[in-house]
Asker: 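One structure, pasted below without further comment.
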Number of protein chains: 2
Amino acid sequence: MASRVQRKRIRKSPADRRAEIVASAARVAISEGLEAITLRRIGELLDIRPGLVSHYFPAVEDLVAEAFGNAATAELDGLLPPGQRTGTPSQHLTRFFAQATGEAYDAISRLWINARHLSRYRPVLRERVAEQEAAWRERLADVIRAGAERGEFRTDDAYVTAVQILVVIDGLAAHANTGTDSTVPRVTRMAAATAERELGLPDGALADSAPGAPRGRG
Amino acid sequence: MASRVQRKRIRKSPADRRAEIVASAARVAISEGLEAITLRRIGELLDIRPGLVSHYFPAVEDLVAEAFGNAATAELDGLLPPGQRTGTPSQHLTRFFAQATGEAYDAISRLWINARHLSRYRPVLRERVAEQEAAWRERLADVIRAGAERGEFRTDDAYVTAVQILVVIDGLAAHANTGTDSTVPRVTRMAAATAERELGLPDGALADSAPGAPRGRG
DNA sequence: TTGCTTATTGGTCGGCCACTCAATAGCATC
DNA sequence: GATGCTATTGAGTGGCCGACCAATAAGCAA
């Protein structure tokens, strides 16, 4: 696709074109990195001239920020769907940790590392990152609160617990680009273990396949 | 410094010049970021022509990797001096956590985030990062082993414990560029708390000023 | 002092970047 | 089918980048 020989212009509504550009940029952000979002690259992917991208986003930084926001929101919705109706909070967390520890999460980790670094130089992006961090914390805190109300979890501050869990996940994610560790259970399980400890659950309660059986320590 | 009107060439030994270039690049890495290490920037700082930097580092990526290695090693030596003779392992850890939680650590956090992100595109740097990660782990594991031998700590795998502690530190460091959280003790203390738990120490044993008094939970 | 080695310069090249703007043409409306 | 609005193009600007290389001169050895 993206036939180079295209002659005829395709004229779209501003809303459609803009959405198309953002979606394309979000895809680039995940697969190639936020700095790969350039007028030329996006133009090439959508078979439009770079100037058109500039027309919708006079400053590229705004597009980068929006692309990150879109990508991060999509990932969060995949990990912890908002307003979940099926399953218990425990099951939601179990599924969350299973995904957030798997290799498929590497792409998301890379995106976050990318965004956090680039935030150093890009104020608009920095603002978006802060927004997304808040969103992820709140989403996770909501699950914890739901579990606490049902009596599944014991916690005196769902928000702080959510932050603690995310700190561990961020720490594990730090190596997504360098690819060390990954095979020691005592390390891999740290995120779930933190949740279990902070929520008053038995060891292994949030492990992938074994709902109640503690794995034992040594 | 760096007088623009300099006419006379200053001819140094290759070893000196090379060291000078690396030192300058390391300084730039910490203060401005690894991508700010350019032939022109380094040349400007040392008042030499960009071509000379190229002469010593035909590929800039090699200079970037070396600059990171230098900076990271220096920081590690500041946090956990090798072959420490004064003080106990507990004191070393206490000092380590105090520094690694303080604001002065932000510069180091930024550098690591920077390096880990850039590793995605730069194989040589990626190798260096892996090297440094190993060095940091080993250095911390050594302190833990020393404490275990003295009977201060209880652990069955000093290395895994070191990795766990560094995971938490990396997680806390993730926000160095976005500057959220930082004020909740339950979060700030996570690294030290992890160490205390894993090493069989009472709560607060590795806290900054209070050597033995647990702070209490609520 | 002279000569020689080589550290250092100066200039150039191609490449990719964001950004600007007048000219063009798609398409809805009449 | 003609008209007008505006989405889209095309072309150009200036900036910064790494890399390359022949010419130059610093300073040691003779």
Side-chain angles (χ1 to χ4, degrees), chain A residues 2-25 28-29 32-68 114 118 121-125, chain B residues 2-25 28-29 32-68 114 118 121-125:
Chain A
S3 61
R4 273 296 86 216
V5 277
Q6 173 156 6
R7 288 281 107 224
K8 188 132 155 53
R9 294 185 182 180
I10 294 171
R11 193 185 168 107
K12 301 192 174 182
S13 79
D16 284 359
R17 189 60 94 183
R18 193 190 157 90
E20 195 182 52
I21 290 171
V22 171
S24 174
V28 170
E32 304 169 40
L34 291 165
E35 34 276 282
I37 298 177
T38 66
L39 302 179
R40 288 164 182 75
R41 184 89 188 91
I42 302 302
E44 185 186 8
L45 289 174
L46 297 177
D47 199 29
I48 57 180
R49 288 336 105 204
L52 187 55
V53 181
S54 257
H55 174 70
Y56 287 97
F57 292 89
V60 184
E61 186 182 351
D62 293 332
L63 174 57
V64 170
E66 193 135 339
F68 168 74
N114 193 170
L118 220 58
Y121 314 102
R122 307 260 147 98
V124 183
L125 177 60
Chain B
S3 62
R4 273 297 81 218
V5 276
Q6 174 157 8
R7 287 281 108 223
K8 187 124 157 53
R9 293 184 183 179
I10 294 172
R11 191 186 170 108
K12 301 192 175 181
S13 79
D16 284 359
R17 189 60 92 182
R18 193 190 158 90
E20 195 182 50
I21 289 172
V22 171
S24 175
V28 170
E32 304 169 41
L34 290 165
E35 35 275 282
I37 299 178
T38 66
L39 302 179
R40 287 164 179 77
R41 184 88 188 93
I42 302 301
E44 186 186 7
L45 289 174
L46 296 177
D47 198 29
I48 57 180
R49 291 333 107 204
L52 187 56
V53 180
S54 256
H55 174 70
Y56 287 97
F57 292 89
V60 184
E61 186 182 352
D62 293 332
L63 174 57
V64 171
E66 192 134 339
F68 168 74
N114 194 170
L118 220 56
Y121 313 101
R122 308 257 147 101
V124 183
L125 176 61

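So you know, we letter chains A, B, ... as the sequences are listed, proteins then strands, and number each from 1.
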Asker: Kindly point out which of D:dT6, C:dT6, D:dG18 is positioned nearest to the side chain of B:R11?
Answerer: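 For the B:R11 side chain, the nearest candidate turns out to be C:dT6.
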Asker: Does some side-chain heavy atom of B:L52 sit less than 4.5 Å from a side-chain heavy atom of B:R17?
Answerer: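 When only atoms from C-beta onward are counted, B:L52 and B:R17 do touch, with a gap below 4.5 Å.
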Asker: Considering only side-chain heavy atoms of A:V60, which listed nucleotide, C:dA18, D:dG18, C:dT6, is closest?
Answerer: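 Output: C:dA18.
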Asker: Give A:S54 one of three labels, base, sugar-phosphate or nothing, depending on what nucleic acid heavy atoms sit under 4.0 Å from its own.
Answerer: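 The answer is base, as A:S54 lies within the cut-off (heavy atoms under 4.0 Å) of a base atom.
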Asker: Give a yes/no answer on whether the side chain of B:K8 brings an N or O atom under 4.0 Å of OP1 or OP2 in D:dG27.
Answerer: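 For B:K8, the contact criterion (side-chain N or O under 4.0 Å from OP1 or OP2 of D:dG27) is met.
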Asker: So which one's nearest nucleotide on DNA chain D is more toward 5', A:S13 or B:P58?
Answerer: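 Checking each residue's closest nucleotide, the 5'-ward one belongs to A:S13.
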Asker: Please report, rounded to the nearest Å, how far the C1' atom of C:dC16 is from the CG atom of A:L39.
Answerer: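 For the pair A:L39 CG and C:dC16 C1', the rounded distance is 11 Å.
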Asker: Just to be sure I understand the rule, does B:P14 reach a base, reach only the sugar-phosphate, or reach nothing, if contact means heavy atoms closer than 4.0 Å?
Answerer: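 Sugar-phosphate contact only - B:P14 comes under 4.0 Å of backbone atoms but never of a base.
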Asker: Does any part of the side chain of A:R18, heavy atoms only, come nearer than 4.5 Å to the side chain of A:E66, both counted from C-beta?
Answerer: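 Sidechains of A:R18 and A:E66: in contact.
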Asker: Which whole-number value in Å describes the distance from A:D16 CG to D:dT6 C1'?
Answerer: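 About 15 Å, once rounded to whole Å.
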Asker: Determine the contact category for B:R17: base if any of its heavy atoms lies under 4.0 Å from a base atom, sugar-phosphate if only primed atoms, P, OP1 or OP2 are that close, otherwise nothing.
Answerer: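 Sugar-phosphate contact only.
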Asker: May I have the distance from B:I48 (atom CD1) to D:dT24 (atom P), rounded to whole angstrom?
Answerer: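 B:I48 atom CD1 is separated from D:dT24 atom P by 21 Å.
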Asker: Would you say that A:R41 contacts A:E32 through its side chain, given a criterion of any heavy-atom pair below 4.5 Å between the two side chains?
Answerer: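 Side-chain contact under 4.5 Å: yes.
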Asker: Can you tell me how far C1' of C:dA25 sits from NZ of A:K12, to the nearest Å?
Answerer: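 Value for this atom pair: 17 Å.
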Asker: Report the distance from atom CD of A:E61 to atom C1' of C:dC17, rounded to the nearest whole Å.
Answerer: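 One finds 15 Å between C1' of C:dC17 and CD of A:E61, rounded.
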Asker: Write down the distance between CZ (B:F57) and P (D:dA19), rounded to a whole number of angstrom.
Answerer: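 Atom-to-atom, B:F57 to D:dA19, this comes out as 13 Å.
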Asker: Would you mind reading off the distance between B:I37 atom CD1 and D:dG18 atom P, rounded to a whole angstrom?
Answerer: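 So the CD1-P distance, B:I37 to D:dG18, works out to 10 Å.
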Asker: Where each residue is assigned the nucleotide of DNA chain D containing its nearest heavy atom, which of A:L52 and B:P50 is assigned the position nearer the 5′ end?
Answerer: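 With A:L52 and B:P50 compared, the 5'-side residue is A:L52.
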Asker: Is the side chain of A:N114 donor-acceptor paired with the backbone N or O of A:L34 at a distance under 3.5 Å, no angle test?
Answerer: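 Looks like yes, one N/O pair under 3.5 Å.
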Asker: Tell me, do B:F57 and B:V22 make a side-chain contact under 4.5 Å, heavy atoms counted?
Answerer: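 They are in contact (side-chain heavy atoms under 4.5 Å apart), so the answer is yes.
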Asker: Answer yes or no: is there a side-chain heavy-atom contact under 4.5 Å between A:V60 and A:T38?
Answerer: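 The answer is no, as the side chains (C-beta and beyond) never meet within the 4.5 Å cut-off.
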Asker: Could you work out which one of C:dA18, D:dT9, C:dA7 sits closest to the side chain of A:T38?
Answerer: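 Within the option list, the nearest is C:dA18.
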Asker: Between A:A36 and A:H55, who's closer to the 5' end of DNA chain C by nearest nucleotide?
Answerer: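 Whichever sits nearer the 5' end wins; that is A:A36.
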Asker: Does B:R49 make a side-chain N or O approach to OP1 or OP2 of C:dT8 shorter than 4.0 Å?
Answerer: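 Negative; the distance criterion is not met.
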Asker: Between the base of C:dT24 and the side chain of A:R9, is there a donor and acceptor pair under 3.5 angstrom?
Answerer: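 By the distance-only test, yes, there is a pair.
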Asker: Mind checking A:Y56 for me? I need base, sugar-phosphate or nothing, with any heavy atom below 4.0 Å counting as a touch.
Answerer: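 Sugar-phosphate contact only - A:Y56 comes under 4.0 Å of backbone atoms but never of a base.
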Asker: What integer distance in Å separates B:E44:CD from D:dG15:P?
Answerer: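 Value for this atom pair: 16 Å.
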Asker: Categorize B:L63 for me: base, sugar-phosphate, or nothing, with a 4.0 angstrom heavy-atom threshold over every strand shown.
Answerer: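 Nothing, no nucleic acid heavy atom in range.
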